[in-house]
Amino acid sequence: MEESCKVFSDVIILAGGIGERLWPASRPDSPKQFMSFSDGISFLQSSLLRSIALKPEGKILIITKRNLLAKTLQEVKSLSSRLKAQEQEKILQDLCIITEPFQRHTSAPLVLASRLLEQADGKAHTILVLASDHVISPTEAFVNDSRKAAETAKQGYFVCFAIPPDSPDTGYGYIKAGEDLSPDGTVAKIASFQEKPDLATARQYLASGKYAWNSGMFAFSSSFFLSEMKKLAPDVSAVFEDLSPLPHDAIRLQEGLHYVSDWKQMDEAYAQVPSIAVDKSVAERTDRAAAVKASFSWDDVGSWDAFGKYF
């Protein structure tokens with residue numbers, strides 16, 4: 001069973017955050033991912049636990065802002081002390097924190113990470129992209145759905161997770177399902193993406209049964225993703241095309257944890273690259289978008305009312 005869970009080469013956790021939601025507990029210098037649950041586990045640590053549950057064969061990359069490096073290192077160190085020896089070893093060997101010099105939304109860090117992973121061994125990688133501030137349960141269902149996402153990504157799709165809506169929420173983008181890609185109907189092509197709707201439209205979406213919330217988590221093959229970026233968002237792709245493999249001296253160690261900071265070539269690329277969400281650069285423009293219907297419970301906890309449901 002353990003081996004069958006190893007469906008992803010690598011996991012990327014996007015952990016920037018500007019501290020807009022759940023203010024004043026969440027602030028620019030300590031955004032939502034550092035807030036803790038009642039058991040003392042933070043949103044970020046919970047995302048890291050899900051990453052470990054997937055048993056990725058390769059790296060776990062946490063991409064964050066440079067001014068959040070110290071807090072992120074402390075979060076990882078604190079969680080590691082609670083883990084089994086094998087899981088601690090995975091963190092020491094394969095986890096790396098990459099710190100962005102500027103916030104450039106989600107396309108830039110995903111292109112950067114995909115290139116670095118491919119350059120490390122010359123192979124395509126199957127990548128799962130997670131947010132650092134979601135509530136997801138149970139983990140077993142998440143792992144099973146992620147397996148479907150990996151299998152679909154390996155077929156050359158940009159994969160989203162479609163969350164069955166339980167209310168006409170106006171705070172989420174929506175996905176309309178298209179042609180089924182699996183016999184059981186849990187994986188389908190995406191017919192269209194819809195922006196956050198007004199209440200009347202959200203009620204129509206809910207009543208139709210054809211729409212789902214877009215979770216903001218993704219799966220893809222690095223080679224497919226980079227190819228689509230080059231075709232659909234060349235102004236982003238071109239900035240990283242001449243990126244050299246990550247030099248050994250750019251990888252620092254602090255208490256056994258790896259991180260990348262103050263790498264000149266990355267900083268120069270970030271100074272030029274446009275700030276575009278991956279939803280806009282690839283997901284909504286590719287003709288190879290697919291979605292896995294989530295069997296897990298999901299919430300991005302974007303308001304204090306949502307926070308109150310859990311804590």
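Predicted, not measured: the structure shown is a model, and the values here were computed from it.
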Give a yes or no answer on whether the side chain of [X] reaches the backbone of [Y] with a donor-acceptor pair at less than 3.5 Å.
X: T186; Y: S182; result: no
X: S78; Y: Q74; result: no
X: Q88; Y: S80; result: yes
X: S47; Y: A131; result: yes
X: S132; Y: L44; result: no
X: T106; Y: V278; result: yes
X: D133; Y: F43; result: no
X: S42; Y: Q45; result: yes

Tell me whether [X] shares a hydrophobic cluster with [Y], the cluster being built from Ile, Leu, Val, Met, Phe, Trp, Tyr side chains joined at under 4.5 Å.
X: V111; Y: M266; result: yes
X: L48; Y: I136; result: yes
X: L232; Y: F218; result: no
X: I63; Y: W263; result: yes
X: F193; Y: Y157; result: no

Kindly compute the distance separating [atom1] ([X]) from [atom2] ([Y]), expressed to the nearest 0.5 Å.
X: S114; Y: L116; atom1: OG; atom2: CG; answer: 9.0 Å
X: I62; Y: L14; atom1: CD1; atom2: CG; answer: 10.5 Å
X: Q103; Y: T64; atom1: CD; atom2: OG1; answer: 8.5 Å
X: H134; Y: S215; atom1: NE2; atom2: OG; answer: 7.0 Å
X: T170; Y: L199; atom1: OG1; atom2: CG; answer: 6.5 Å
X: I97; Y: I60; atom1: CD1; atom2: CD1; answer: 11.5 Å

**Message:** The test is side chain to side chain contact (heavy atoms under 4.5 Å, CB included); show your working for F102 and D267 and say whether it passes.
**Reply:** CA-CA 8 Å; F102 318 107; D267 292 0; 5.5 Å; no
**Asked** Between T99 and S261, does any side-chain donor sit less than 3.5 Å from a side-chain acceptor?
**Response**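 T99 vs S261: donor-acceptor pair found between side chains.
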**Prompt:** Looking only at side chains, do R285 and S281 share a donor and an acceptor under 3.5 Å apart?
**Reply:** no
Below 4.5 Å, heavy atoms only, C-beta onward: do [X] and [Y] meet side chain to side chain?
X: I276; Y: H105; answer: no
X: V273; Y: L112; answer: no
X: N214; Y: Y174; answer: no
X: L69; Y: N67; answer: no
X: L61; Y: V11; answer: no
X: L79; Y: I41; answer: yes
X: F161; Y: L128; answer: yes
X: S9; Y: I127; answer: no

Ion pair check, [X] and [Y], cut-off under 4.0 Å:
X: E195; Y: K280; result: yes
X: R288; Y: E228; result: no
X: K32; Y: D300; result: no

Restricting to non-hydrogen atoms, name the atom on [X] and the atom on [Y] that form the minimum distance, rounded to 0.1 Å.
X: L54; Y: S146; answer: CD2-CB, 3.6 Å
X: S223; Y: A124; answer: OG-CB, 3.6 Å
X: F8; Y: A150; answer: CZ-CB, 3.7 Å
X: L130; Y: S51; answer: CD1-OG, 3.6 Å
X: G178; Y: A188; answer: O-CB, 3.9 Å
X: L257; Y: L73; answer: CD1-O, 3.7 Å

**Item:** Ring centre gap for W298 and Y172 strictly below 6.0 Å
**Value:** yes
Name each donor-acceptor pair under 3.5 Å that joins a side chain in residues 235-254 to protein atoms two or more places apart or in another chain, with its distance.
residue, atom, partner, partner atom, Å
S244, OG, Q265, OE1, 3.3

**Message:** Once ring-ring contact (aromatic ring centres under 6.0 Å, His included) is applied, do any residues pair with F142, and if so which ones, sequence neighbours excluded?
**Reply:**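 Here the qualifying residues are F296.
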**Under the ring-ring contact (aromatic ring centres under 6.0 Å, His included) test, residues paired with F225 that sit two or more places apart** = F220
**Message:** Checking V129 against M217 for the side chain to side chain contact (heavy atoms under 4.5 Å, CB included) test, could you report, in this order, the C-alpha distance in whole Å, the side-chain angles of both residues, the deciding distance, and whether it holds?
**Reply:** CA-CA 6 Å; V129 180; M217 300 184 294; over 6 Å; no
**Evaluation steps, ring pair (Phe, Tyr, Trp, His ring centres under 6.0 Å), between F158 and F224** = CA-CA 8 Å; F158 185 93; F224 170 78; 7.5 Å; no
How would you list all residue pairs meeting salt bridge (Lys or Arg N to Asp or Glu O under 4.0 Å) that involve [range], not counting sequence neighbours?
range: residues 86-97; answer: K59-D94, K90-D94
range: residues 96-124; answer: none
range: residues 175-190; answer: K148-D184, E179-K189

